[in-house]
There are 2 protein chains.
Amino acid sequence: MKPSIPKGTRDFSPSEMARRNYMQGVIESAFQRFGFKPIATPAMENSQTLMGKYGEEGDRLIFKVLNSGDFLSKADSEQLAQRDSKAVAGSISDKALKYDLTVPFARYVVQHQNEITLPFKRYQIQPVWRADRPQKGRFREFVQCDADVVGSDSLWQEVELIQLYDEVFTNLGLEGTTIKLNNRKILSGLAEMIGAEDKLIPFTVALDKLDKIGQDKVIEEMRGQGIADGAINKLQPLFDLSGSAVDKLGSLEGLLADSEIGQEGIGELRFLITTITQLGLRTANLEIELTLARGLNYYTGAIMEVAAPDSVKMGSIGGGGRYDDLTGIFGLKGVSGVGISFGLDRIYLVLEELELFPEQLSESVRVLFINFGPDEALYATKAIAKIRQGGLSCELYPDAAKMKKQMGYANKMNIPYVVMAGSTEIDSSTFTLKDMRTGDQKQLDLTQLIDAVSNVR
Amino acid sequence: MKPSIPKGTRDFSPSEMARRNYMQGVIESAFQRFGFKPIATPAMENSQTLMGKYGEEGDRLIFKVLNSGDFLSKADSEQLAQRDSKAVAGSISDKALKYDLTVPFARYVVQHQNEITLPFKRYQIQPVWRADRPQKGRFREFVQCDADVVGSDSLWQEVELIQLYDEVFTNLGLEGTTIKLNNRKILSGLAEMIGAEDKLIPFTVALDKLDKIGQDKVIEEMRGQGIADGAINKLQPLFDLSGSAVDKLGSLEGLLADSEIGQEGIGELRFLITTITQLGLRTANLEIELTLARGLNYYTGAIMEVAAPDSVKMGSIGGGGRYDDLTGIFGLKGVSGVGISFGLDRIYLVLEELELFPEQLSESVRVLFINFGPDEALYATKAIAKIRQGGLSCELYPDAAKMKKQMGYANKMNIPYVVMAGSTEIDSSTFTLKDMRTGDQKQLDLTQLIDAVSNVR
């Protein structure tokens, strides 16, 4: 039987790991410069922590872990006889794999509230699991990468998170991303303005599709949701909105003149636009996108999303927003939070497509010593220790195999330098260094050798 | 209901994460200098990959993941009616959480054999799960950290792995560890010598306890296992073995003169001792421990284990050995491997007890800017961007809260530098820097400020 892994999961090879670690390293170092601190939570949470937090569909997609030992002893006979999988699952499984990082983070904040100093800025880069149908770019195990601040409702947090996106994508060499901004309060204001407060969700779901399906289809969908034509007509100025961010804000201010919550949203958005304009961004563009909704039920203030540069076809590569009462689900009220997330798998694909991964990453080891036998191996091993002390990666081919085989290994492994040291070299305390790219060979002493292989190629 | 996490699992706080990341960073950078390359495998494996690989006890301790959807539909009626948990588990769960990194690694090598160049040197640092009874230092989710080479039976690999242990522990500041060496072939030779080949396992299990329970009890246990007194008497020279590693090897050579496999083991051990003696170790001690067995069924050649310095009471902090046919369980024969493992949780406890974690790690952010209001915050944010560009961590207190509260935050977070910039500073393009340790305050321009906070404290 050929060995395999579960559907929707992945092995990562050394070259994929090198790229993923590079990407994660750039992100983590930015998180740290911005004052975010890492935490980690277990892969498994108690089922009651997760169930009911992601809607009915979410509950279905949560991977449940079977209780250990004689798990059936506690199951209900009738439920078993009826093969009621859902009910039985509740009695034979009390743990589940985490579905995202947000709910476990909320649980963490509540559980550790006495050890935490607010505002608490945390980042978390960990795998999550979803029993989704696997498809291109969608996996059952994937890594989420979140930065959140809880305990302050200052808009300076949103400013900082926008800068953080700019910093990370710039440092990854991914210039020309677009950070799209909206505010849940503006969406509420619009629904209020057209008298569809009770239909806020279908209203924004339809509005969110403007980019993809166009104005006519959006209107059709709203009509289908029971929003009256008169109400929809009031939205015309919104569809016609154009110009700079400041222009859009001006028009919107008129449109939502009678909505208190709408005005509040405009004020917040204006603060972010004005402040970021004064501070400047390195390579990202900032845009207002009034149709942007994302998990609306969740966000209460700012909503943001990052689009890759136009040259790549890819959905959003990041998103986030303000949520006013995340920890409320675990009994701790009044803790406002705001956070962003990086879509690692998509960012990986974008960097790959634009060839933005550093070339150096494909080099597995810097220097290989050829193994000519026991005495030569001992001589080599002494030199290898010195080279490693200088921080470089270096290894001895383990067997005194044929030269062709050892050189073949160096080639396949993309090793840039090969060192040969036989009796001639040992007698003169030297090493013959071969540059695998140019084919050049030089006879060097140890100091010269270390110098030569230390050069950045 | 107070939120909690499953028994035997852990949350990691920012300060624990800083220590764990530091430890892992030291280990990973050594792995890389030694030419090991990272891979990762999924948290879940197909059950058939794991079941039956760890003995009956292991099977019981594997966490099984419930199939998604209507999992009961395929369950056998009779097994359900009889509440046969073990049999039902097989039909309602086809995935499980990985139990160690070794079996998934073997699966990886076989599955990807056409993409891999041998010898393949890989490291892997990932969590594993065991439904063990939790106790001090034993968790249900814990991180394993392994480095293995497959595809070569050269003893130079063992030499390199011993050097790797020395390198890692020295770089962690943990001097005076003891690397204990043995060889499975010597154990086989001893069993052969006393005519107890058929009792190799109970024989070595008893021998392994010599340190803890003493010679008399070991003999008693062997007797209990049905090893004859005449045979046990032949072991007396082994109990009396003393002196240097070379002395021990000499005596052993006489003792095992008639055992071919024993001589082979002695030869291997002698090569390692001689070679390491010529190369030298930085801070570790190398010792022969003829009673060392560790998962004996598994190892076929070298067996090694690392003990913390004598000043700390702690079991082994690492171990490993040579296994000749790991990938055989997945149908790929003849691939020899050798590997070592680092016991991260125990190493953490040792570093903590000996106060070997760098002090710098407890610093969460280098510089905090006090928030005096919108204009001051904008002025601060511009300076913060420059400080971050220099690679330092820096943040603005998000709210214009009372001074006492902001300073209290700096203290609690262990932030070494606080910057105040109000209208006076803005007018003169300066910043007031307070060193939180000394209480000193200075008024500086931006360049001076960056210089001052960049100094290593």
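Chain naming here is simple, since letters A, B, ... match the order of the sequence lines and numbering starts at 1 in each.
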> Is B:R130 close enough and on-axis enough to B:F142, meaning under 6.0 Å and within 45°, for cation-pi?
Replying inline: no
Of A:E28, A:E167, A:E160, the one forming a salt bridge (charged side-chain N to carboxylate O under 4.0 Å, His left out) with A:R33 is A:E167
Item to check | Side chains of A:T117 and B:Y409 in contact at under 4.5 Å (non-hydrogen atoms) | outcome: yes
Honestly, the part of B:M44 sitting under 4.5 Å from a heavy atom of chain A is both
Whatever's closer than 4.5 Å to a heavy atom in chain B on A:F36 counts as neither
Would you say B:N67 and B:S93 are linked by a side-chain donor-acceptor pair, where the criterion is simply a distance under 3.5 Å? no
Okay, A:Q278 and chain B: the region with an atom under 4.5 Å from a heavy atom over there is both
salt_bridge(B:E141, B:R10) N-O dist < 4.0 Å: no
Turns out that what part of B:D84 lies under 4.5 Å from chain A's heavy atoms comes down to backbone
Q) Are any of the side-chain nitrogens in B:K64 or B:D94 under 4.0 Å away from the carboxylate oxygens of its partner? A) no
As a quick check of understanding, evaluate side chain to side chain donor-acceptor pair (under 3.5 Å) for A:R19 and A:S15, giving each step before the final call.
CA-CA 6 Å; A:R19 289 173 163 212; A:S15 64; over 6 Å; no
So, the part of B:P38 with a heavy atom under 4.5 Å from chain A: the answer is both
Under 4.5 Å to a heavy atom of chain A? For B:F31 that would be neither
Which word best sums up how the rings of B:H112 and B:Y108 line up, parallel for under 30°, tilted for 30 to 60°, or perpendicular for over 60°?
-> tilted
If one checks every heavy atom of A:K7 against chain B at 4.5 Å, the contacting part turns out to be neither
Turns out that what part of A:A89 lies under 4.5 Å from chain B's heavy atoms comes down to both
Applying a strict 4.5 Å limit to non-hydrogen atoms, the region of B:E45 in contact with chain A is both
So, the part of A:P374 with a heavy atom under 4.5 Å from chain B: the answer is backbone
Whatever's closer than 4.5 Å to a heavy atom in chain B on A:L118 counts as backbone
Applying a strict 4.5 Å limit to non-hydrogen atoms, the region of A:P6 in contact with chain B is both
Bottom line for A:A75: the part with an atom under 4.5 Å from chain B's heavy atoms is both
Applying a strict 4.5 Å limit to non-hydrogen atoms, the region of A:Q48 in contact with chain B is side chain
Most heavy-atom pairs under 4.5 Å with chain A, out of B:V65, B:T41, B:I5, B:I39, belong to B:I5
Honestly, the part of B:A96 sitting under 4.5 Å from a heavy atom of chain A is neither
Turns out that what part of A:S29 lies under 4.5 Å from chain B's heavy atoms comes down to neither
| field | Test: B:K86 and A:D70 ion pair at under 4.0 Å | value | no
Whatever's closer than 4.5 Å to a heavy atom in chain B on A:L392 counts as backbone
Ranked by heavy-atom pairs below 4.5 Å to chain A, first place among B:P104, B:P398, B:S85 goes to B:S85
